[in-house]
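Notes for the one structure printed next.
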Number of protein chains: 2
Amino acid sequence: MADTKKPIPTRQAALDAYITLRRAGNTIAAKLNRHITDNHLTAGQFGILEALFHLGPLSQQQLAKKILSSKGNITMIIDNLEKQAIVKRTASPHDRRTTIIQLTPQGKKMISKIVPNHLKKIVTMMSVLTVTEMMELKRLCKKVGLSINKE
Amino acid sequence: MADTKKPIPTRQAALDAYITLRRAGNTIAAKLNRHITDNHLTAGQFGILEALFHLGPLSQQQLAKKILSSKGNITMIIDNLEKQAIVKRTASPHDRRTTIIQLTPQGKKMISKIVPNHLKKIVTMMSVLTVTEMMELKRLCKKVGLSINKE
DNA sequence: CCAAATTAGTTTAATATTGTACTGTTTTAA
DNA sequence: TTAAAACAGTACAATATTAAACTAATTTGG
């Protein structure tokens, strides 16, 4: 926070970039959300299932960080998913405070039917960009994201 | 949706770009959200106040589109803001179905104290990028966003 | 002109989300 | 060793959010 006074063009470019970034992300997410609710899942539930699907069993704490949600909310989402036998809680062998969340076989089956379509939708929406542009977009976003998390 | 089969590199680049985009946006938004709650506002409330501040009086329908929220939610947010005399409802002279939302003088005063800090935070976070990179990021996000909204 | 469809906003009920306080567990450092 | 701090998860209360049914006003097409 050393440099409080940015020249106007920098300032305007920064704001424009953020607003456009945010709007694009929200627009895509809103489209995807329709697909998610069609499958009788909430965005939070889907986020957790997707994380478990791609990364394997995770603790609730890890899930909270992944989907940027409060741990109280994770407890509730897991409660609901467990009631439907989509995931199950397991005790961690190393730390009796933590519970490890796993997909049940039915859960894995279910999410593996939804994810491919979900990804296809993302690819379709992003495909207005060339591959070079996609890579550049990724680079720029990563640069921003990393610097914030370093703070 | 003509081209269902994208070559793998395109597919992976598209997914990477989206995930990184989304993560960067969410990370920034989470940081900003702290600032918002410090001022005893919710994200939804702030979104509405910011829109009114930058764009002037708007109907609830317009606000719903702006902040990508359901109209029922807009009703509630406006109810709460109106109770605190931050905004007020006015009848539209042209259409008796619509209500126009305006900032009250106190509301304008309040939001105009918060917004500059908010923007400064955005500028600071985005300033890891050069101006050229900011402009490129904007261009890429706009390209994606526009094509989706055109559908 | 007027019935049907559309639109803006509200209400209600169900669910999601958060923050705080709490329990039990592990880590830490004196 | 052990008291204090940190951590993982839960319970609960307060709000936020959504979807659906509803009211009232406007637009459209025959």
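In what follows, every chain begins at residue 1, and chains take the letters A, B, ... in the order their sequences are listed.
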Item to complete: Consider the side chain of B:N80, meaning its heavy atoms from C-beta on, and name the nucleotide among C:dT10, D:dA16, D:dT26 that approaches it most closely.
Response: D:dA16
Discussion item. Measure NZ/B:K71 against P/C:dT12 and give the value in whole Å, please.
Written reply: 16 Å
Fill in: Minimum-distance nucleotide (side-chain atoms of A:R89 versus D:dT10, C:dA8, D:dA16)
D:dT10
Discussion item. What is the separation between atom CE on B:M76 and atom P on D:dA16, rounded to the nearest whole Å?
Written reply: 6 Å
Discussion item. Can you tell me which residue among A:L81, A:V87, A:N80 is in a side chain to side chain contact (heavy atoms under 4.5 Å, CB included) with A:K83?
Written reply: A:N80
Fill in: B:S69 vs A:T98, nearer the 5' end of DNA chain D by closest nucleotide
A:T98
Discussion item. I'd like to know if B:R89 pairs up with B:D79 as an ion pair, taking the criterion as any Lys NZ or Arg NE/NH1/NH2 lying under 4.0 Å from an Asp or Glu carboxylate oxygen.
Written reply: yes
Worksheet item: Between A:N73 and C:dA16, is there a side-chain N or O to OP1/OP2 distance below 4.0 Å?
Response: no
Discussion item. Can you tell me if A:T75 touches the phosphate of D:dG9, counting only side-chain N or O atoms and a distance under 4.0 Å to OP1 or OP2?
Written reply: no
Worksheet item: Atom CD1 of A:I77 and atom C1' of C:dT17: how far apart are they, to the nearest Å?
Response: 8 Å
Discussion item. Please verify the inter-ring angle class for A:H118 with A:F46; under 30° counts as parallel, over 60° as perpendicular, anything in between as tilted.
Written reply: tilted
Worksheet item: Is the side chain of A:E136 donor-acceptor paired with the backbone N or O of A:E133 at a distance under 3.5 Å, no angle test?
Response: no
Item to complete: Let me know the distance between NE2 of B:H40 and P of C:dT18, rounded to the nearest Å.
Response: 19 Å
Worksheet item: Between atom CZ in B:F46 and atom P in D:dT15, what is the gap in whole Å?
Response: 21 Å
Worksheet item: D:dA8 phosphate, OP1 or OP2: any side-chain N/O from A:Q62 under 4.0 angstrom?
Response: no
Discussion item. Whole angstroms only, please: what is the CG-C1' distance between B:N33 and C:dT18?
Written reply: 10 Å
Practice prompt. Using the closest heavy atom to pick a nucleotide of DNA chain D for each, name whichever of B:H94 or B:Q45 lands nearer the 5' end.
Written response: B:Q45
Discussion item. Rounding to an integer number of Å, can you tell me how far B:I36 CD1 sits from D:dA16 C1'?
Written reply: 14 Å
Worksheet, complete the sentence: A:R96 CZ to C:dT23 P, in whole Å, measures 18 Å
Discussion item. Ignoring hydrogens and geometry beyond distance, is the side chain of B:R97 in donor-acceptor contact with the base of C:dT7 at under 3.5 Å?
Written reply: yes
Worksheet item: Does the side chain of B:S59 get closer than 4.0 angstrom to OP1 or OP2 of C:dA8 through an N or O atom?
Response: no
Worksheet item: Taking the side chain from B:T75 and the backbone from B:K71, do they hold a donor-acceptor pair closer than 3.5 Å?
Response: yes
Worksheet item: Starting at the 5' end of DNA chain C and moving along, which residue's nearest nucleotide shows up first, B:I74 or A:G72?
Response: B:I74
Discussion item. Strictly below 4.0 Å: does B:Q61 bring a side-chain N or O up to OP1 or OP2 of C:dA8?
Written reply: yes
